[in-house]
Amino acid sequence: MAGFFEQLCKVVAESEHNSSGIAASSEEVKQFFSAVPRETKPAPAPAVPVPVKPVSQVVVPPQSSGNFATLEEIYAAVASCSRCPLGATRTNTVPGEGDPDARLMFIGEGPGFDEDRLGRPFVGKAGALLDKMISAMQFTRKEVYITNIVKCRPPDNRVPAPEEAQCCIGYLKRQIEIIRPEVIVLLGATAVKYLLNVSDGISKMRGRWLSYENIPVMATFHPAFLLRQESAKRETWNDLQQVMARFGKYHNPGVKRG
């Protein structure tokens, strides 16, 4: 693995040229490409039947939730939300966190086991990798905003059902309206599908600039996928460097930050 890091950093260095802006250090980039322990699932609890509403009984809100004036109002509404079956199985809601004036916003699929337990987005193994991605981009977690398509954990970390995503999408769209980031990074196919309303796979959509309400959007692989498929980290790093360039940041392996 060490040889892979060195070879990859060398290729990145040879493919780049000097430009003005803020440099990402080689050490931060290596942190992103370093191996991260694979996620381990906790022992399953005994199955307990949970009443689930038929799809026809799911209350789908309007596409826009413009009646919320602040993020705090959204958080309160999410905390009491029972619009879809996920409300019956959650431990905590996970509306999102970060800088309310963030220039950069990350949107994933939905909370996992650790996120459901703590009520915070991206705090498990995938979250640790996302933190390294953010650091390699020369941001801190506190400077960005992180959220998901759905605000409650789907059982067994399955992909959210369409009706579940539609119940939450109004919250997300209003979050974007309030924060108004300069760039949005979509993590994985589910985020692309439900925010941009396209069904093309992430491999087709990643690596090129898209748009949502006149906000530039870059789609890339979800950190959970990168934990399983480390070879995709190079493509992801290429995507993230395009985002960095929008902020005048670039990777220079010879620069070390104090």
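Note that this is a predicted model, so its numbers are computed, not measured.
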Pro181 vs Ile215 side-chain heavy atoms within contact, under 4.5 Å: yes
Just verifying a value: how many Å separate Leu86 CG and Glu163 CD, rounded to the nearest 0.5 Å? 9.0 Å
Is there a side-chain contact between Gln138 and Phe247, using heavy atoms and a 4.5 Å cut-off? no
Where do Thr93 and Cys152 come nearest, in terms of heavy atoms and distance? CG2-SG, 4.0 Å
Check the hydrophobic clustering (I, L, V, M, F, W, Y; side-chain heavy atoms under 4.5 Å; chains of links allowed) and say if Tyr212 and Phe106 are grouped together. yes
Decide side chain to side chain contact (heavy atoms under 4.5 Å, CB included) for Gln166 and Ile169; before the verdict, give the C-alpha distance in whole Å, the side-chain angles of both, and the deciding distance to 0.1 Å. CA-CA 5 Å; Gln166 291 305 315; Ile169 199 68; 3.9 Å; yes
Taking the side chain as everything from C-beta on, heavy atoms only, tell me whether Pro223 gets closer than 4.5 Å to Met133. yes
Whether the side chain of Thr236 engages the backbone of Ala232 through a donor-acceptor N/O pair (distance < 3.5 Å, no angle test) should be reported. yes
Under 6.0 Å from the ring centre and within 45 degrees of the ring axis: does the NZ or CZ of Lys249 meet both conditions for the six-membered ring of Phe139? yes
Examine Val78 and Val94 and state if one hydrophobic cluster contains both, with Ile, Leu, Val, Met, Phe, Trp and Tyr joined whenever side-chain heavy atoms are less than 4.5 Å apart. no
Assess whether side chain to side chain contact (heavy atoms under 4.5 Å, CB included) is satisfied between Tyr194 and Glu109, documenting all intermediate values. CA-CA 9 Å; Tyr194 291 113; Glu109 177 178 290; over 6 Å; no
Please report the C-alpha distance between Arg103 and Glu143 in whole Å, then the side-chain angles of each, then the deciding distance to 0.1 Å, and finally whether the side chain to side chain contact (heavy atoms under 4.5 Å, CB included) criterion is met. CA-CA 8 Å; Arg103 301 173 66 195; Glu143 292 175 322; over 6 Å; no
Do Met105 and Leu196 belong to the same hydrophobic cluster, where Ile, Leu, Val, Met, Phe, Trp and Tyr are linked whenever their side-chain heavy atoms lie under 4.5 Å apart, directly or via other members? yes
Aromatic centroids of Phe122 and His222 separated by under 6.0 Å: yes
Glu164 side chain to Pro160 backbone, donor-acceptor under 3.5 Å: no
Rounding to 0.5 Å, atoms CD (Glu97) and OG1 (Thr147) come to a distance of 9.5 Å
Please assess Leu187 against Ile107 for the test side chain to side chain contact (heavy atoms under 4.5 Å, CB included), listing each intermediate value before the final yes or no. CA-CA 6 Å; Leu187 302 168; Ile107 301 173; over 6 Å; no
Cluster overlap Val150 with Leu118, hydrophobic side-chain contacts below 4.5 Å: no
Enter the distance from Phe221:CZ to Arg206:CZ here, rounded to the nearest 0.5 Å. 5.5 Å
Distance-only, no hydrogens or angles: does the Asp116 side chain make a donor-acceptor pair with backbone N or O of Arg90 under 3.5 Å? no
I'd like to know if the side chain of Gln175 and the backbone of Pro95 have a donor-acceptor N/O pair within less than 3.5 Å. yes
Asp99 side chain to Tyr145 backbone, donor-acceptor under 3.5 Å: no
Answer yes or no: is there a donor N or O on one side and an acceptor on the other, between the side chain of Glu115 and the main chain of Val123, under 3.5 Å? yes
Before you tell me yes or no, could you show the steps for Arg246 and Glu182 under salt bridge (Lys or Arg N to Asp or Glu O under 4.0 Å), namely the whole-Å CA-CA distance, both residues' side-chain angles and the distance that decides it to 0.1 Å? CA-CA 9 Å; Arg246 289 280 178 136; Glu182 294 178 28; over 6 Å; no
One should read off an interatomic distance between Arg174 CZ and Ile179 CD1, to the nearest 0.5 angstrom, of 10.5 Å
So, Arg153 versus Asn157: side-chain donor-acceptor pair below 3.5 Å or not? yes
If only atom types and distance count, is the side chain of Gln229 paired as donor or acceptor with the main-chain N or O of Leu226 below 3.5 Å? no
Taking atom NZ of Lys204 and atom CD1 of Ile202, what is their separation to the nearest 0.5 Å? 12.5 Å
Under a single-linkage definition using a 4.5 Å side-chain heavy-atom cutoff for Ile, Leu, Val, Met, Phe, Trp and Tyr, are Phe225 and Leu186 assigned to the same hydrophobic cluster? yes
Looking at Gln242 and Gly207, would you say the former's side chain and the latter's main chain have a donor-acceptor pair under 3.5 Å? yes
Got a second to check how far Ile149's CD1 is from Tyr171's OH, nearest 0.5 Å? 14.5 Å
Using only atom types and a distance under 3.5 Å, with no angle test, would you say the side chain of Asp200 pairs donor to acceptor with the backbone of Met205? no
